[in-house]
K.L.:
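Please read through the structure below; I'll follow up with questions.
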Amino acid sequence: MANFKRSLVTTALPYANGPVHIGHLAGVYVPADIYVRYLRKKGEEVAFIGGSDEHGVPITIKAQKEGVTPQDIVDRYHYIIKKSFEDFGISFDIYSRTSSKVHHELSSAFFRKLYDKGEFIEKTTQQFYDAQSGRFLADRYIIGTCPRCGNDHAYGDQCEACGTSLNATDLINPVSALTGSKPELKDTKHWYLPLDKYEGWLKRWILEEHKEWKSNVYGQCKSWLDSGLNPRAVTRDLDWGVPVPIDGAEGKVLYVWFDAPIGYISATKDLTPEWERYWKDPETRMIHFIGKDNIVFHCIIFPAMLKAEGTYILPDNVPANEFLNLEGDKISTSRNWAVWLHEYLEDFRDKQDVLRYVLTANAPETKDNDFTWKDFQARNNNELVAIYGNFINRTLVLTHKYYNGIVPEPGETDAYDKEVLGEIPAIIERVEKNLDTFHFREALKECVGLARLGNKYLADTEPWKLIKTDEKRVRTILNICLQIAANLSTLTEPFLPFSAEKLRGFLNIGPIDWDKIGGEVIATGHRINEAGLLFEKIEDDKIQQQIDKLLATKKANQQEQTQVVPAKANISYDDFAKLDIRVGKIVAAEKVVKTQKLMKLTIDTGIDTRTVVSGIAEHYTSEEVIGRQVSILVNLEPKVLKGIESQGMILMAENADGTLSFVTPDKSVKPGSEIR
RNA sequence: GGCGAGGUAGCUCAGCUGGUUAGAGCGCAUGAUUCAUAAUCAUGAGGUCGGCGGUUCAAGCCCGCCUCUCGCUACCA
């Protein structure tokens with residue numbers, strides 16, 4: 001690190017198909033912002049880069065759904081995201097976007113250079129083509145009948161009814177989602193980056209030269225490298241994105257994962273004409289802050305791209321975080337299961353730092369963590385208010401009460417004073433050490449520790465008693481408390497910038513350089529301002545509102561799930577009559593070993609006694625199932641499942657939440673009775 | 001069943017390349033205190049570090065097997 005002259009800090013580009021939520025913040029933006037503010041505070045040269053990732057298929061689909069252009073979609077979210085980052089105090093030097101002209105030019109030139117150097121492989125494959133719209137269709141744009149479950153609205157990559165992942169060519173009767181016409185298979189040419197060619201180099205670079213990377217990052221890279229790399233397509237047949245700058249590549253764009261990381265470069269270029277100083281000088285230290293889902297792209301693919309290009313530096317570290325859950329469930333944009341930053345800023349005005357604090361104190365640095373509103377409240381009330389805010393308030397109030405707001409002159413310091421004063425630089429050192437190694441949780445804990453120390457010092461020295469007997473001693477004590485407070489205002493600034501400024505307002509001081517803190521930073525005789533509250537308690541009702549909001553989301557999601565699947569195509573009576581459904585009785589049941597869902601049932605069908613394997617083991621135990629009457633399709637072709645021949649199918653009703661219930665006659669019926 | 005991640009005090013989590021009596025915060029109990037947003041400070045109770053076996057002078061950390069949780073995936077006739 002000592003050899004670097006400047007830092008380039010990038011943050012994963014949020015995808016512009018939705019606003020930013022606490023998961024993004026905890027994983028990427030808050031730690032990155034803390035780190036950058038810390039570097040700046042130390043006087044280091046740093047560029048802090050962010051921007052919206054605005055290309056890719058999901059945005060085109062969303063646009064189509066809403067009947068607007070992709071540009072409309074990205075415009076909408078880009079500005080929401082940009083504004084909420086600003087309001088939240090994420091101190092980007094630039095927040096750019098990949099639909100910008102600079103980006104198109106730069107990523108296009110980047111591709112062209114690799115192309116001219118012969119770094120790509122050309123490959124032709126068959127893909128569906130919609131002749132009517134004159135376009136190749138991404139898998140998502142093909143709709144057809146699922147070969148597994150018969151759902152006739154399955155997508156080319158996945159059937160959402162049965163969850164199976166598919167190839168577009170698997171679909172029965174595929175149609176184009178754009179025009180409804182029947183697509184044809186047609187040859188299409190694409191360019192591939194031969195990652196296998198970089199495997200040896202990547203292994204050396206990461207596995208040998210960057211053993212210091214976080215274990216989650218290092219481990220994932222290792223597993224990728226060990227399993228071998230394959231050439232990866234870097235172009236797509238799509239009309240939204242950066243056009244492939246080659247003759248004969250009309251209707252093709254750069255794959256979003258090719259152009260997005262170049263967005264870091266173009267954003268830097270957007271920021272300063274001297275952008276090459278950041279990207280091409282080996283004395284620049286590049287750090288990528290990302291979430292764990294982006295590790296492969298930032299540690300394998302982008303470095304391979306940069307290496308292939310040849311003139312760029314590589315990341316020095318990629319401190320990826322794990323994921324943050326919300327109230328026990330995975331955060332999901334599509335399910336609206338999130339705390340949205342722009343909504344938080346509305347609901348909790350001027351409480352940016354509370355969220356910054358909570359997300360840092362509970363950051364998913366080594367494993368997935370859970371955000372709960374109760375924890376949010378507890379951390380605010382018990383830590384920010386009770387420890388930090390309270391210490392500041394005590395100090396300010398006492399100073400006003402005894403010395404009219406003038407910083408008193410210290411007398412001689414005793415052993416305990418010296419010990420406390422000695423702790424300040426020690427804590428600062430630990431904060432630095434943790435920040436330097438991306439341990440933000442621990443660093444923040446150390447900061448709070450300084451406030452704790454202040455509280456303890458007050459409790460031990462009891463100036464409110466001494467004021468009656470030894471007023472001179474009180475001057476020393478309060479002076480020390482004020483020094484701690486002033487140190488805190490700088491020490492906490494990377495984490496809690498708004499409160500740090502507020503605190504400086506109370507103390508009536510300006511910003512203090514990082515290398516000045518550790519000792520006396522507020523002068524004797526200085527007049528402080530009126531005391532106020534650094535943090536406010538958050539009451540239960542405020543928290544309950546947020547919990548209720550989430551419960552409402554949960555309810556809405558359930559209702560959405562209840563949306564009834566549309567009817568299938570009509571069939572003739574003859575078709576129906578082919579089904580032989582009978583009432584049967586379960587006489588024996590046992591779970592099939594080594595499966596999650598399968599249960600082996602022995603059924604008295606009236607006709608015979610037979611074995612049926614059914615996927616109900618997650619909903620019923622074998623005990624509660626025995627003796628039940630059920631509906632059974634008896635003339636279904638037998639099939640062997642897990643080594644057991646299943647001779648029929650039990651009819652089950654599936655609820656919106658996925659739970660199953662038997663279809664049972666409402667009074668007892670003789671086994672073998674027909675169901676028609 | 002496959003892949004990935006994980007199981008450390010009541011709760012949320014730390015534990016660096018294995019090394020003395022396993023930590024923090026919250027919560028709880030008891031005590032002290034009143035300058036402070038009923039805030040603070042001290043002390044204490046609480047853990048067979050998921051289980052079993054192995055390697056080692058030494059394992060929460062390494063290896064094997066098992067088990068449970070979460071995510072993806074498969075099975076769901």
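What you see below is based on every heavy atom in this structure, not just the backbone, and it leaves out hydrogens, waters and symmetry mates. Proteins get letters first, then strands, A, B, ... in listed order; numbering begins at 1 in each. The shown structure was predicted, so the numbers you read here are calculated from the model rather than taken from an experiment.
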K.L.:
Check the phosphate of B:G27 against A:Asn382, side-chain N and O only, distance under 4.0 Å to OP1 or OP2. Yes or no?
P.N.:
yes

K.L.:
Using the P atom on both, measure B:A59 against B:A45 and round to a whole Å.
P.N.:
26 Å

K.L.:
Starting at the 5' end of RNA chain B, write a dot or bracket for each base, bracketing those in Watson-Crick or G-U wobble pairs whose two distances are under 3.5 Å and using | for partners on another strand.
P.N.:
(((((((..((((.....[...)))).(((((.......))))).....(((((..]....))))))))))))....

K.L.:
Say we look at B:G27 and B:A42: how far apart would their P atoms be, to the nearest angstrom?
P.N.:
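Looking at atom P only, B:G27 and B:A42 are 14 Å apart.
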
K.L.:
Closest nucleotide of RNA chain B for A:Leu458 versus for A:Ala363: which of these residues is on the 5' side?
P.N.:
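It is A:Ala363 whose nearest nucleotide is closer to the 5' end.
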
K.L.:
Please tabulate, for the side chains in residues 532-542 of chain A, all donor-acceptor contacts under 3.5 angstrom to protein atoms that are two or more places apart in sequence or on a different chain.
P.N.:
residue, atom, partner, partner atom, Å
A:Glu536, OE1, A:Lys351, NZ, 3.0
A:Asp540, OD1, A:Gln377, NE2, 2.7
A:Lys542, NZ, A:Asp347, O, 2.7

K.L.:
Just to be sure I understand the rule, does A:Ser614 reach a base, reach only the sugar-phosphate, or reach nothing, if contact means heavy atoms closer than 4.0 Å?
P.N.:
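The residue A:Ser614 makes sugar-phosphate contact but no base contact.
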
K.L.:
Return the 5'-most residue of the pair A:Leu533, A:Leu453 with respect to RNA chain B, ranking by each residue's nearest nucleotide.
P.N.:
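Nearest nucleotide further toward 5': that of A:Leu533.
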
K.L.:
For B:C35, does either OP1 or OP2 sit under 4.0 Å from a side-chain N or O belonging to A:Asn393?
P.N.:
no

K.L.:
Regarding A:Asn487 and A:Gln483, is there a side-chain donor-to-acceptor distance under 3.5 Å anywhere?
P.N.:
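No - no donor-acceptor pair under 3.5 Å links their side chains.
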
K.L.:
Mind checking A:Val385 for me? I need base, sugar-phosphate or nothing, with any heavy atom below 4.0 Å counting as a touch.
P.N.:
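Touches a base.
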
K.L.:
Respond yes when some side-chain nitrogen or oxygen of A:Lys456 is under 4.0 Å from OP1 or OP2 of B:U40, and no when none is.
P.N.:
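Looking at the OP1 and OP2 atoms of B:U40, neither is under 4.0 Å from any side-chain N or O of A:Lys456.
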
K.L.:
Contact class for A:Lys537 (heavy atom, under 4.0 Å): base, sugar-phosphate, or nothing?
P.N.:
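Base contact.
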
K.L.:
Going by atom types only, do A:Ser499 and A:Tyr388 share a side-chain donor-acceptor pair under 3.5 Å?
P.N.:
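Note: A:Ser499 and A:Tyr388 side chains miss the donor-acceptor criterion.
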
K.L.:
Under 6.0 Å between the ring centres of A:Trp257 and A:Tyr15?
P.N.:
no

